J.: 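First the structure, then my questions, so here it is.
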Amino acid sequence: MKANTHVIVLILSLYTCHISRYFMTRRRGHGHESCHHGGGKGTRLQPLTRLLPKPMLQLLDRPTLEYIVELLGRHDFHDITMTVCYMADAIRNYFADGSAWDVHIRYQDELVPLGTAGGVRALHAHLDDTFIVMSGDGLTDFDLSEAMRAHRRGGAVATLLLTRVECPLGYGVVEIDVNGRITGFVEKPQAFERDRTYLVNTGIYILEPTIFQWIPTDRPYDFGRELFPLLLELGVPMQGYVASGYWSDVGTLQQYYQTQIDMLNGRVKVNLPVEVASAR
């Protein structure tokens, strides 16, 4: 990636009463800048989220958000701003200025929920180049650098990172043509066919700042439910990038525990605790 490329990584977690999101930018001459938001309550993970915001739930020995910060650092995103709301001090007190992870972290409070796309629109003055939106309630080892290169080759306004699953229930299904262009969306289907796989939206998006012209400023607005279907209807070019690697949205108690089993079994490329790594 060129040194003067602006990159924003927005880590999104949708909770019942608020939205948790994270942003990353890279400014010319100042490395990568990131914004992260740790807002809502995560009721599907109660009782675990009664005392902690969802991004701070531990996977093995450290918070979910720490794995995200580590992933972003490996791809040279070093300047991070976290927009926070629900139990914000838990995030601030843990990460402080980010120097322990060789990154720089700033914090911004979001007082009114703006929706996933609306929250990004509120920062449009700082986003004048390609940026990434990354789901924050999950764990992944996707190669974000390669995804960015694919986005630039494709020339789309939006690139959605996709992964293959056998059961798409609870996810947004994305349909693409042979060239990777997005041709349709099925938001959280109620039924599915066995013996086939589906491409689902991982909540990781690579976007061009021209996308702001389609995001209203007077109400909350959502990427998956509103913005992307609108762009498809208008014929705005969007592409799907089928990512290889591990992805879990850690959205339920069952997924929370399964994700940690996957980590112990070596299914995801992360820095494991010393005790685990030495026992493998």
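Remember, predicted model here, so these are calculated numbers, not experimental data.
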J.: Hey, are the side chains of Tyr257 and Thr252 touching, using non-hydrogen atoms and a 4.5 Å cut-off?
T.: no
J.: What orientation do Phe95 and Trp101 show, parallel under 30°, tilted 30 to 60°, or perpendicular over 60°?
T.: tilted
J.: Scan side-chain atoms only and decide if Arg152 and Thr130 contain a donor-acceptor pair under the 3.5 Å cut-off.
T.: yes
J.: Would you say CG of Leu51 has more than 12 non-hydrogen atoms from neighbouring residues, nucleotides or ligands within 6.0 angstrom?
T.: no
J.: Could you tell me if the side chain of Arg121 sits less than 4.5 Å from the side chain of Thr217, heavy atoms only?
T.: yes
J.: Could you pull out the closest heavy-atom pair between Pro229 and Phe185, with the gap in Å?
T.: N-CE1, 4.1 Å
J.: Can you tell me if Gln239 uses its side chain to pair, donor with acceptor, with the backbone of Ala150 under 3.5 Å?
T.: yes
J.: Specify the closest pair of heavy atoms between Ala90 and Pro53, including all atoms of both residues, with the distance to one decimal.
T.: CB-CD, 3.9 Å
J.: Which pair of heavy atoms, one from Gly119 and one from Leu114, lies closest together, and at what distance?
T.: N-CB, 3.6 Å
J.: Distance check, rounded to the nearest 0.5 Å: Glu146 atom CD versus His151 atom NE2?
T.: 13.5 Å
J.: OG1 of Thr163 to CG of Asn201: how many Å apart, nearest 0.5 Å?
T.: 11.0 Å
J.: Got Leu234 and Trp214 here, is their nearest side-chain heavy-atom distance under 4.5 Å?
T.: yes
J.: I want to check something: taking the side chain as every heavy atom from C-beta on, are Tyr205 and Phe228 in contact at a cut-off of under 4.5 Å?
T.: yes
J.: On a heavy-atom basis, which atom in Pro220 and which in Gly115 lie closest, and how many Å separate them?
T.: CB-N, 4.0 Å
J.: Look up atom NE2 in His104 and atom NE2 in His78, then write down how far apart they are to the nearest 0.5 Å.
T.: 13.5 Å
J.: Taking all non-hydrogen atoms of both residues into account, name the closest pair between Val200 and Pro168 and its distance.
T.: CG1-CB, 4.2 Å
J.: List the atom of Ala156, the atom of Pro237, and the distance in Å for their closest heavy-atom pair.
T.: CB-O, 3.5 Å
J.: Between Leu160 and Leu162, is the side-chain contact (heavy atoms from CB on, under 4.5 Å) condition met? List the steps.
T.: CA-CA 6 Å; Leu160 282 61; Leu162 313 176; 4.0 Å; yes
J.: Within this structure, what is the CZ-CG distance for the pair Arg267 and Leu139, rounded to the nearest 0.5 Å?
T.: 11.0 Å
J.: Once the angle between the rings of Phe192 and Tyr198 is folded into 0 to 90°, is it parallel (under 30°), tilted (30 to 60°) or perpendicular (over 60°)?
T.: perpendicular
J.: I need the single residue from Leu232, Ile176, Leu207 that forms a side-chain contact (heavy atoms from CB on, under 4.5 Å) with Met238. Which is it?
T.: Leu232
J.: Applying the side-chain contact (heavy atoms from CB on, under 4.5 Å) criterion to Tyr241, which one of Thr159, Thr202, Ile206 satisfies it?
T.: Thr159
J.: Can you tell me how far apart CG (Asp222) and CD (Glu187) are? Round to the nearest 0.5 Å.
T.: 7.5 Å
J.: Might you work through the side chain to side chain donor-acceptor pair (under 3.5 Å) test for Gln255 and Ser248, ending with a clear yes or no?
T.: CA-CA 7 Å; Gln255 291 169 326; Ser248 169; 5.7 Å; no
J.: So His124 and Phe212, would you call those rings parallel, tilted or perpendicular, with 30° and 60° as cut-offs?
T.: perpendicular
J.: Could you measure the distance from the CE atom of Met263 to the OH atom of Tyr67? Nearest 0.5 Å is fine.
T.: 3.5 Å
J.: If you count every heavy atom of other residues, nucleotides or ligands that lies below 6.0 Å from Gln213 atom CD, does the total exceed 12?
T.: yes
J.: Answer yes or no: is there a side-chain heavy-atom contact under 4.5 Å between Met56 and Ile91?
T.: yes
J.: Flag the pair Leu227 / Ile211 as yes when at least one side-chain heavy-atom distance between them is below 4.5 Å, and no otherwise.
T.: yes
J.: Is any side-chain heavy atom of Val103 closer than 4.5 Å to a side-chain heavy atom of Leu72?
T.: no
J.: Distance-only, no hydrogens or angles: does the Glu208 side chain make a donor-acceptor pair with backbone N or O of Thr210 under 3.5 Å?
T.: no
J.: Does Asp218 have more than 12 heavy atoms from other residues, nucleotides or ligands lying within 6.0 Å of its CG?
T.: yes
J.: List for me each residue that meets ring pair (Phe, Tyr, Trp, His ring centres under 6.0 Å) alongside Tyr171, sequence neighbours excluded, and say none if there are none.
T.: Trp247
J.: Go through Leu65 and Tyr94 one step at a time and tell me if the side-chain contact (heavy atoms from CB on, under 4.5 Å) criterion holds.
T.: CA-CA 10 Å; Leu65 181 53; Tyr94 187 89; over 6 Å; no
J.: Evaluate the criterion side-chain contact (heavy atoms from CB on, under 4.5 Å) for residue pair Arg62 and Asn271; output intermediate values, then yes/no.
T.: CA-CA 10 Å; Arg62 54 194 184 276; Asn271 294 323; 3.3 Å; yes
J.: The test is side-chain contact (heavy atoms from CB on, under 4.5 Å); show your working for Val133 and Ile204 and say whether it passes.
T.: CA-CA 5 Å; Val133 177; Ile204 305 174; over 6 Å; no
J.: Is the backbone of Arg181 close enough, under 3.5 Å, to the side chain of Asn179 for a donor and an acceptor to pair up by distance?
T.: no
J.: Mark yes when over 12 heavy atoms from residues, nucleotides or ligands other than Gln58 sit less than 6.0 Å from its CD; otherwise mark no.
T.: yes
J.: Does either side chain, that of Thr183 or that of Asp177, offer a donor lying less than 3.5 Å from an acceptor on the other one?
T.: no
J.: Could you check whether any side-chain heavy atom of Leu60 comes within less than 4.5 Å of a side-chain heavy atom of Leu264, counting everything from C-beta outward?
T.: yes
J.: Do Thr259 side-chain atoms and Val250 backbone N/O form a donor-acceptor pair below 3.5 Å?
T.: no
